[in-house]
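Only one structure is covered here, and it is reproduced in the block below.
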Amino acid sequence: MLDQIHWLAAVTILGVLEQAYFFLQVIYARRLFGISPPKISGPPEFERIFRAQMNSSEYFPIFLALLWQAGLFFHQGLAAALGLLYLCARYCYFMGYKASSSERLAPMYFSAGVLWILIAVSALGILHFFLSHYVGLNILQLLTA
């Protein structure tokens, strides 16, 4: 079974490390700008870093759920590759937002597109499972026949 999930696990660990990096960036920004918790407002430079981290954290559970569903029900390799694309896009989003709010837009749209692809792949994989398991209809055999 582990050979069926090792790429998903690796991308998950990379995602957790990325989230930790974003958290550390907020800590460093708090120190740099003298903003103690629980305050979340300050100079625009701090607020952009804080919002980039919060936005990334908010989407992380959605990403993880879709990554694992796509990997388990469709194809591990494709899901892992999409996961890496998503993580790269989120890193670019974070760095862009850190620089200016307008530089976050392109990576934000790209990462959203990757999530939509993960949704589609997950849905197709789950649909295929239900049809083959409960109805006895194997779509892949029909398509290759």
Side-chain angles (χ1 to χ4, degrees), residues 1-30 32-33 35 37-38 40-135 137-145:
M1 164 131 178
L2 291 179
D3 62 327
Q4 297 172 355
I5 62 170
H6 63 284
W7 288 115
L8 301 175
V11 172
T12 299
I13 292 295
L14 287 174
V16 169
L17 291 172
E18 182 177 68
Q19 288 297 306
Y21 173 76
F22 295 161
F23 292 141
L24 288 173
Q25 292 301 301
V26 172
I27 291 170
Y28 297 148
R30 283 187 180 281
L32 179 66
F33 297 108
I35 300 170
I40 58 171
S41 61
E45 297 82 4
F46 169 76
E47 290 183 6
R48 287 195 310 267
I49 293 168
F50 181 79
R51 283 305 321 154
Q53 181 268 319
M54 288 301 298
N55 292 346
S56 296
S57 294
E58 290 166 353
Y59 276 90
F60 194 62
I62 297 167
F63 162 69
L64 285 180
L66 292 172
L67 172 74
W68 281 87
Q69 286 178 18
L72 293 174
F73 288 98
F74 194 83
H75 190 274
Q76 177 189 202
L78 177 63
L82 289 168
L84 289 174
L85 273 176
Y86 178 82
L87 294 177
C88 287
R90 286 317 279 193
Y91 180 79
C92 292
Y93 166 83
F94 186 90
M95 295 314 238
Y97 208 167
K98 187 176 176 181
S100 87
S101 59
S102 63
E103 288 187 42
R104 79 190 196 287
L105 294 176
M108 180 182 73
Y109 294 137
F110 186 79
S111 65
V114 173
L115 285 180
W116 280 108
I117 295 169
L118 281 170
I119 289 171
V121 169
S122 297
L124 286 173
I126 292 169
L127 177 65
H128 172 69
F129 174 80
F130 281 134
L131 289 176
S132 63
H133 191 72
Y134 294 109
V135 181
L137 180 65
N138 190 328
I139 298 172
L140 295 177
Q141 284 180 342
L142 292 173
L143 292 174
T144 58

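Being a predicted model, the structure only gives us computed values, none of them experimental.
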(request) Work out which heavy atom in Tyr59 is nearest to a heavy atom in Leu115; give both atom names and the distance. (result) CD2-CD1, 3.8 Å
(message) Please report the interatomic distance NE2(His128) to NE2(His133), rounded to the nearest 0.5 Å.
(response) 12.0 Å
(message) Quick check: closest heavy atoms across Ser111 and Arg90, and the distance to 0.1 Å?
(response) OG-NH1, 3.3 Å
(message) Could you work out, with side chain to side chain contact (heavy atoms under 4.5 Å, CB included) as the rule, every residue matching Ile119, not counting sequence neighbours?
(response) Leu66, Trp116
(request) With rounding to the nearest 0.5 Å, note down the distance linking CD1 in Ile49 to CG in Leu32. (result) 7.5 Å
(message) Does anything in residues 61-76 form a side-chain hydrogen bond (donor to acceptor under 3.5 Å, both in side chains)? List the pairs, not counting sequence neighbours.
(response) Thr12-Trp68
(request) Verify side chain to side chain contact (heavy atoms under 4.5 Å, CB included) between Arg30 and Ile40, making sure each step is shown before the conclusion. (result) CA-CA 9 Å; Arg30 283 187 180 281; Ile40 58 171; 4.1 Å; yes
(request) Could you tell me whether a side-chain N or O of Arg104 sits under 3.5 Å from a main-chain N or O of Gly96, the two making a donor and an acceptor? (result) no
(message) So which atom in Gly83 and which in Phe63 form the shortest heavy-atom distance, rounded to 0.1 Å?
(response) CA-CE1, 3.6 Å
(request) Quick one: do Gln19 and Ser56 satisfy side chain to side chain donor-acceptor pair (under 3.5 Å)? Show the steps, please. (result) CA-CA 8 Å; Gln19 288 297 306; Ser56 296; 5.0 Å; no
(request) Heavy atoms only: give me the nearest Ala70-Val121 pair and the separation to one decimal. (result) CB-CG1, 3.9 Å
(message) Rounded to the nearest 0.5 Å, what separates atom OH in Tyr93 from atom OH in Tyr109?
(response) 11.0 Å
(request) Check whether any side-chain heavy atom of Leu85 lies under 4.5 Å from a side-chain heavy atom of Phe110, and answer yes or no. (result) yes
(request) Taking all heavy atoms of Phe23 and all of Ser57, pick out the closest pair and write down the distance. (result) CE2-OG, 3.5 Å
(request) Could you tell me the separation between the CG atom of Leu118 and the CD1 atom of Ile62, rounded to the nearest 0.5 Å? (result) 12.0 Å
(message) If you compare all heavy atoms of Ala52 against all heavy atoms of Phe94, which two are closest, and at what distance to 0.1 Å?
(response) CB-CD1, 3.5 Å
(request) For residues Val16 and Phe60, determine if any side-chain heavy atom of one lies less than 4.5 Å from a side-chain heavy atom of the other. (result) yes
(request) Ignoring hydrogens and angles, tell me if any N or O in the side chain of Glu47 forms a donor-acceptor pair with the backbone of Ser41 under 3.5 Å. (result) no
(message) If you count every heavy atom of other residues, nucleotides or ligands that lies below 6.0 Å from Phe130 atom CZ, does the total exceed 12?
(response) no
(message) Tell me whether the count of non-hydrogen atoms from other residues, nucleotides or ligands lying under 6.0 Å of CZ in Phe33 goes above 12.
(response) yes
(request) Output the distance between atom CZ (Phe46) and atom CZ (Arg51), rounded to the nearest 0.5 Å. (result) 11.0 Å
(request) Please lay out, stage by stage, how Val11 and Leu82 fare under the test side chain to side chain contact (heavy atoms under 4.5 Å, CB included). (result) CA-CA 10 Å; Val11 172; Leu82 289 168; over 6 Å; no
(message) Looking at Tyr28, I want to see if its OH is surrounded by more than 12 non-hydrogen atoms of other residues, nucleotides or ligands under 6.0 Å.
(response) no
(request) Calculate, to the nearest 0.5 Å, the distance between atoms CG and CZ belonging to Asn55 and Phe22 respectively. (result) 11.0 Å
